[in-house]
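Let me begin by presenting the structure, written as structure tokens, before commenting on it.
Values in this document were obtained by computation on a predicted structure and should not be read as measured data.
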Amino acid sequence: MLILGYAIAVATFIGFVIAPANLILYGSLFALCGIFIAAEDTLESALAAEMVEEESRTISFGALATMKGIGDLISSVMIGFIWTFVGYSAGFLIAAVIAAAGTILLIWTKRVSQTLGER
């Protein structure tokens, strides 16, 4: 489900680049944003809980929140500069590339963990 949420993010970012100015289309893209944000916020925590021992869950949730906060700050500043000095399309394209890389990395990580689990 998290992979699907990330894929929706990629599609949404690309949609904002190629979509003509249309209120209904933009409304649909914002609705998709809500879906992928809900998936991301919920499922990343669930995945983190699966990846650590029960005794370490509290610290892992704190570490996840810290890293997400730092990542959000850095990415917001970077995309803000790109949006301002290059254009909004470049900002969305870069966000789409980064989201696609994260999606691919999550798929790869899942396959590696399944392969290791079989051993």
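I98 is linked by a side-chain contact (heavy atoms from CB on, under 4.5 Å) to I94, counting only residues two or more places apart in sequence or in another chain. Every residue was checked against the side-chain contact (heavy atoms from CB on, under 4.5 Å) condition with V97, not counting sequence neighbours, and none meets it. For A96, the side-chain contact (heavy atoms from CB on, under 4.5 Å) partners at least two apart in sequence or on another chain are F13, I14. Partners of Y6 by ring pair (Phe, Tyr, Trp, His ring centres under 6.0 Å), not counting sequence neighbours: none found.
Two different hydrophobic clusters hold I104 and M1 under the rule that ILVMFWY side chains link at heavy-atom gaps under 4.5 Å. The hydrophobic clustering, which links ILVMFWY residues whose side-chain heavy atoms are closer than 4.5 Å, places F36 and L105 apart.
Considering all non-hydrogen atoms of both residues, T12 and C33 come closest at CG2-SG, 3.4 Å. L2 and A39 make their closest contact through CD1-O, 4.1 Å (heavy atoms, listed as atom of the first residue, atom of the second, distance). Here the closest heavy-atom approach between residue A48 and residue L64 is recorded as CB-CD2, 4.0 Å.
To the nearest 0.5 angstrom, I8 atom CD1 is 6.5 Å from L32 atom CG. Within the model, atoms CG of L4 and CG of L106 stand 11.5 Å from one another, a figure rounded to the nearest 0.5 Å. With rounding to the nearest 0.5 angstrom, the CD1 atom of I37 is 10.5 Å from the OG1 atom of T42.
The hydrophobic cluster of F61 has no other members, since no ILVMFWY side-chain heavy atom comes under 4.5 Å of it.
Pairs of residues two or more places apart, or lying in two chains, never qualify as salt bridge (Lys or Arg N to Asp or Glu O under 4.0 Å) while including a residue from residues 12-37. Counting only residues at least two apart or in different chains, salt bridge (Lys or Arg N to Asp or Glu O under 4.0 Å) contacts with residues 66-88 comprise D41-K68, E44-K68. Pairs engaging residues 83-97 under the salt bridge (Lys or Arg N to Asp or Glu O under 4.0 Å) rule: none recorded [sequence neighbours left out]. For the salt bridge (Lys or Arg N to Asp or Glu O under 4.0 Å) condition, no pair includes a residue of residues 45-57, sequence neighbours left out.
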Output a table of donor-acceptor pairs, distance under 3.5 Å, between side-chain atoms of residues 78-88 and any protein atom two or more places apart or on a different chain; print 'none' if there are none.
{"from": "T84", "atom 1": "OG1", "to": "G80", "atom 2": "O", "distance (Å)": "2.8"}

Pair up each side-chain donor or acceptor in residues 21-30 with any protein partner under 3.5 Å, not counting sequence neighbours, and list the distances.
{"from": "N22", "atom 1": "OD1", "to": "I24", "atom 2": "N", "distance (Å)": "2.8"}
{"from": "N22", "atom 1": "OD1", "to": "L25", "atom 2": "N", "distance (Å)": "3.1"}
{"from": "S28", "atom 1": "OG", "to": "I24", "atom 2": "O", "distance (Å)": "3.0"}

